[in-house]
Amino acid sequence: MRVSLKWLRDYLDVTQPAEEIARRLTMAGIEVDGIHHLGGSWDNVWVARIQGIDRHPNADRLSLVTADYSADGRERTRRVVTGATNIKVGDVVPLGLVGARYRDGHTDPPQERVLQPSTMRGIVSEGMVMSGFELGLSEDHSGILVLPADTPVGIPLAEALGDTVLELDLKGRADCLSMIGVAREVGALLNQKVRLPTVNPQPARERCPDEPLTIEIADRDLCARYTGVLVRNVHVGPSPAWMQERLQAAGLRPINNVVDVTNFVMLEWGQPLHAFDYETLLGSAAGEGQIVVRRARPGERLLTLASERPELELTQEHLVIADGERPVALAGVIGGADTEVRDTTTAVLIESANFLPVSVRRTARAFLARPTEASRRFERGIPPEHTMPAALRAAQLMVELAGAEMVGPPVDAYPEPRARPVIRLAPRELERLLGVSYDSATIEGVFDRLGFTYEKPQGGSSGEDYIVHPPVWRLDVERAADLVEEVARIDGYDKIPATLMRGEPPVPLPNGAMLWEEAVRDLLAANGFADILTYTLTSRERLARFPHTDGRNAAGKLAAFVDDRVAPPVEPVTLANPASQDEDVLRTSAIPSLLECLGANLRHADRDVHLMELSRIYLRRDQGLPEERRVFTAGTGAFRSSGADWKRQENDFYYVKDVLEAVLERLGITGHGYVPVQHPGFHPYQAAAVVLNHRPEAAGKKPILPEEVLGVIGQVEEEVRRAFGIGQRCFLIAMDFDRLIEHATTRRQYQPLPRTPAVLEDLSFILKEDVPAERLDSSIRRAGAPLVESVALTDTYRGDRLPEGTRSLTYTVVYRAPDHTLTNEEVTAVRGKIVQAAERQTGARLRG
Amino acid sequence: MTTSEKSVLIDDLHALEREALAKLATVPDERGLEEWRVEVLGRRGTLAELLRGLATLSPEARPAAGAAGNRVKGALEAAYAERQRGLRAQSRARELEAERIDVTLPGRGVHLGQLHPITQLRREVERVFIRLGFSVVDGPEVEYDRYNFTLLNMPPDHPARDIQDTFYVANVGAPSRAPATAAAAAAGAVSPGDGAAPAGTDPLPPSERGAGGHVPVGVDGGKAKMATPAGGEVLLRTQTSPMQIRVMECQKPPIRVLIPGRVYRNEATDAAHESQFSQVEGLCVDERTTMGDLRGCLTFMIRTLFGSEREVRFRCGYFPFVEPGAEFDMSCHVCGGQGCRTCKGTGWIEIGGCGMVHPIVLENVGLDPSRYSGWAFGFGFERMALIRYGVDDIRLFYGNDLRFLQQLR
Ligand SMILES: [Zn+2]
């Protein structure tokens, strides 16, 4: 809503600067988005009359305009080139000369420019005739701003149109979609009385029998009230300068005095009006001229004033205004073309009605790209009490400005006058909600300023409350809490103190999942990983960049279990109204965004790109909302810093495995293992599914259940990483974090520190390459129990000194008895068992 | 043995002392020193040789010669020890010198990890409210219309729904698998490697489930356990406020919760707008809590985050689920309220929205608005991060360029 201060002063003596009014309104909940000083930037713009229009000799679409801005007996004309077509000789227009500032709409966003001397197709243009857009008056690019014909020519435009306009951002207060509403609000804030226009037009005569006017509301659920006034002898023509100025300041284009009056009254009262050419309304079969407010009938059509979609196909969903035969307007949204007021119109039926907000909203949305000024107001709700003053105000203005005469009194259909709310407000309610009490003078002062009527508390058991009647225009005030806000905001929110709760403490809610997420974030951040946040919305194409297994062979089944955890191959949750095709689904995997991010960062850095994300993937379920599964993803490039001799060092599978092990340890997860997996997203021999209940000694014979799979770790397959623009080896961890949490525990078991000395020994085994090391490790532990306290791999070797297809693994074995110092004999015996078992179970031989 | 015999021995001792000391001074290193020691002080050394001559002396001459012998021996041993210390110090000094490094070389580059600036800010806010007795919970991002709008006093066709451009979900309900993976989906247990072993049963030890009290409650994400009545259309939540409803549905007052989370708006993205961003919602419901408590908590938060001199200002504001409603601003941390570019000259910076929970919302969750009062607030983390770090493009937060993130470590 654009509020002209010039216009506002019709109702109120505003002396405060615009900035102060804007501040007061904003503090009171009516946000002022901008203050436009119209004319402040209009140096070198004059009011001129078009003397002649000639064709441009070198361009069909341009014309040469001679503009006269003579004043005080000095003759001044300029010849300018324009592409506009909406002007004719005699029009009064703004003329910008060199140095004038204007808004250039050819760029996005529009830019402020200074008019320079220019030559267009060989003809010098000595200035420009300007549009409302260029002057910053409106968003209307479509033509030159044609000023009222009685605007004095030769004066600076700022003198003719200068004004200050407040741009209101109205989220709540629908009553402030009107000048009178804003005036009332400003009046309340400044403690001033509002002057309403006098509305008391008298009919020039009664309606004759051949001027029927009946109004029937057939669908009362959608239309509460319909008031019609007939005016005749209308002389359609331009409206006076003061009205055109006000409309323009509000951002509307003047059209003719009849339409302008309806728009003016809509802006003034917030009550949308419509003007029908009375003579075009058809009677019913019975011959009676009539207005019927009813739902459209299937198959009915309406040709409207909106150019975009000329003929609307109507259904019973839509409320229409019909005459005796056909729809003539879409109620509250837009009028029909057949009954529109034209230059030749002499009889006008003014419609001032109240329609159900939801109905108008739906209809407007069904047919129009954006709401009309009228539908915007109906949608937000307007009081039915306003139809009568608005109708009379319009009739009066048509009498005054279009030479019309009012015929008969208004015809008013208002079948069920609305019950207005009566609100009880206990003064202590203010303290209960706000934490501060208000005395009766303050409360009553606010009510008075806002036009609320009330009965004071009578005292006694039943009379502690104010009985408050909100004014008709405050449809938003329905209950005590609303009154509390009114008192608080008019008196000033500053009065609300800063205190803390005094009640008993609440029961704490557990939030384990979030705590685990935070623990892992901390751990990884401490280990060189950067926490990232990526987008939930993605596309199927982007998701598909990281492949799924086809799941055909036995190995593929394990890979399929992995997919089911971290990238289920399901139809993603899809948006009905995506902003772009690139963001039309919710991600079913967080892997692609991590790899995208890895790729983007590896374009700037050759090392130390270590990323982690704790996020969600979204998976449809049989019913209800999708599963939002927490996932943990982490990835690294091929290198990190801190190598020897200041060189970078290589990352490898074991580096990321250490990271994952640290995470699992933090979560208290044990008994898991790494099973080689063949997944098309990973290097065929450098990837593992991470599974629970792992038994190395089962030598791969133990079946893996889907519910045992936690996720996957490995080197990303080369083609796959290249698809993400990653030019070096990279490693990835992807885990179902919800499943990790399911098995996570904070429980830790204390073991007393040993009191007896340990014996340490390095045992080197030669093991075949195709036997997993974990089996040897497990053999040593099991054979050495209970004296073997720990087993740690401390060296590996491959080379010429070993048989082909084997490797050497050196374990540091720690032997200890809890109750005595081990003897050599004991250690020798255990070692013997270990060596025997290792050989039997894994084929490993003790080396040298 | 004569006097001359005696004095000859003493003279010899003195001569030995002189020569040995002179030689000791020229010993170059510890090996030379050891040679000297063997030669002079050793069991067969020159001193021992001379002292053996004592035995041949007459008893009268012995004491004087013996005393001289002891003195010389003591002197030589002391000189030896002294020389040994000196030589050790020299060699240690050489060793240390060999370990000289260029301390001006850089470290080899510890690569530090970090938390995302939004994570950092979220945690700071969480910590503030945890100190005020709030619990932190999260909830679903894909939500029923009913929770996101209707129960928050925005019934269908409420004009306020227009303020938030909403993403709606087209395909709620039964998921369908891509045909290529149907086999995988249908699979039971598999064995790695060669063996196609039969499906086994090895259920997880139940003792490990949800240990440590970390059991998600009903308000937790997709695991919502509360009854979710048919909630109408499914959408991406436009605000964290639906969690107000979910929390009040499953917890009785007193309630103090803080709900951070992602929200979505179908808006064109630019330097100031993202279609995805992070919000936080605070909710307090009790038999006696006021807008003053709301202002107090927000003031405490703002002062913790932006400094103890900050003030919080309420402006009247409209949100359908609060009444009275307010927008809250903080006094500008850059200029202290004098007016600057950051605060557009007003001295105040807009942070978020808040207010007293609307009586209709309380009624919607079965709480009597005449008995209970509540307040709620919400604001965006990205916006706050922009303010705090002076970042000029919100998209940087989801770009995850390490060159950006590392500036805000
Ligand atoms: Zn400032």
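Naming convention: chains lettered A, B, ... in sequence-line order (proteins, then strands); numbering from 1 in each chain.
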R603(A) portion near chain B, given a 4.5 angstrom heavy-atom threshold = neither
key: Toward chain B, the part of A530(A) with a non-hydrogen atom under 4.5 Å   = both
ask   = So, the side chain of Q649(A) versus the backbone of S641(A): is there a donor-acceptor pair under 3.5 Å, distance only?
value = yes
query = Salt bridge or not for R313(B) and E327(B), using N-O below 4.0 Å?
reply = no
request  = Answer with side chain, backbone, both or neither: which region of R365(A) has an atom nearer than 4.5 Å to a non-hydrogen atom of chain B?
outcome  = side chain
key: E31(A), part contacting chain B, at a heavy-atom distance under 4.5 Å   = side chain
note = Applying a strict 4.5 Å limit to non-hydrogen atoms, the region of V312(B) in contact with chain A is neither
ask   = For E613(A), is it the side chain, the backbone, both, or neither that has a heavy atom closer than 4.5 Å to a heavy atom of chain B?
value = side chain
task = Heavy-atom distances under 4.5 Å only: say whether D476(A) touches chain B with side chain, backbone, both or neither.
result = neither
query = At a heavy-atom separation under 4.5 Å, does V507(A) approach chain B through its side chain, its backbone, both, or neither?
reply = both
ask   = E583(A) versus chain B, heavy atoms under 4.5 Å apart: side chain, backbone, both or neither?
value = side chain
ask   = Under 6.0 Å from the six-membered ring centre of Y318(B) and within 45° of its axis: does the NZ or CZ of R173(A) meet both?
value = no
request  = Among residues two or more places apart or on two chains, list those pairs meeting side-chain hydrogen bond (donor to acceptor under 3.5 Å, both in side chains) that have a residue in residues 251-262 of chain B.
outcome  = T536(A)-R262(B)
inquiry  = Which residues pass the salt bridge (charged side-chain N to carboxylate O under 4.0 Å, His left out) test with E429(A), not counting sequence neighbours?
reply    = R432(A)
query = Side chain, backbone, both or neither: which part of N527(A) has an atom under 4.5 Å from a heavy atom of chain B?
reply = backbone
inquiry  = What part of V573(A) gets within 4.5 angstrom of chain B, counting heavy atoms only: side chain, backbone, both, or neither?
reply    = both
query = Would you find a donor on one side and an acceptor on the other, under 3.5 Å apart, between the side chain of N400(B) and the backbone of L533(A)?
reply = yes
request  = Without swapping roles, check the side chain of D286(B) against the backbone of P253(B) for a donor-acceptor pair under 3.5 Å.
outcome  = no
note = Checked E274(B), R288(B), R409(B) vs chain A; the most non-hydrogen pairs under 4.5 Å come from E274(B)
Segment of A488(A) engaging chain B (4.5 angstrom heavy-atom cut-off) = neither
ask   = Relative to chain B, which segment of A28(A) carries a heavy atom at a distance below 4.5 Å: side chain, backbone, both, or neither?
value = backbone
message = Between P505(A) and chain B, with a heavy-atom cut-off of 4.5 Å, which part of the residue counts as in contact: side chain, backbone, both or neither?
response = backbone
remark   = So, the part of L483(A) with a heavy atom under 4.5 Å from chain B: the answer is neither
query = Do we see a donor-acceptor contact under 3.5 Å between the side chains of Y264(B) and E141(B)?
reply = yes
ask   = Counting distance only, does the side-chain N/O of D563(A) pair as donor-acceptor with the main-chain N or O of P568(A) below 3.5 Å?
value = no
inquiry  = When you compare the side chains of S275(B) and Y398(B), does any donor N or O come within less than 3.5 Å of an acceptor on the partner?
reply    = no
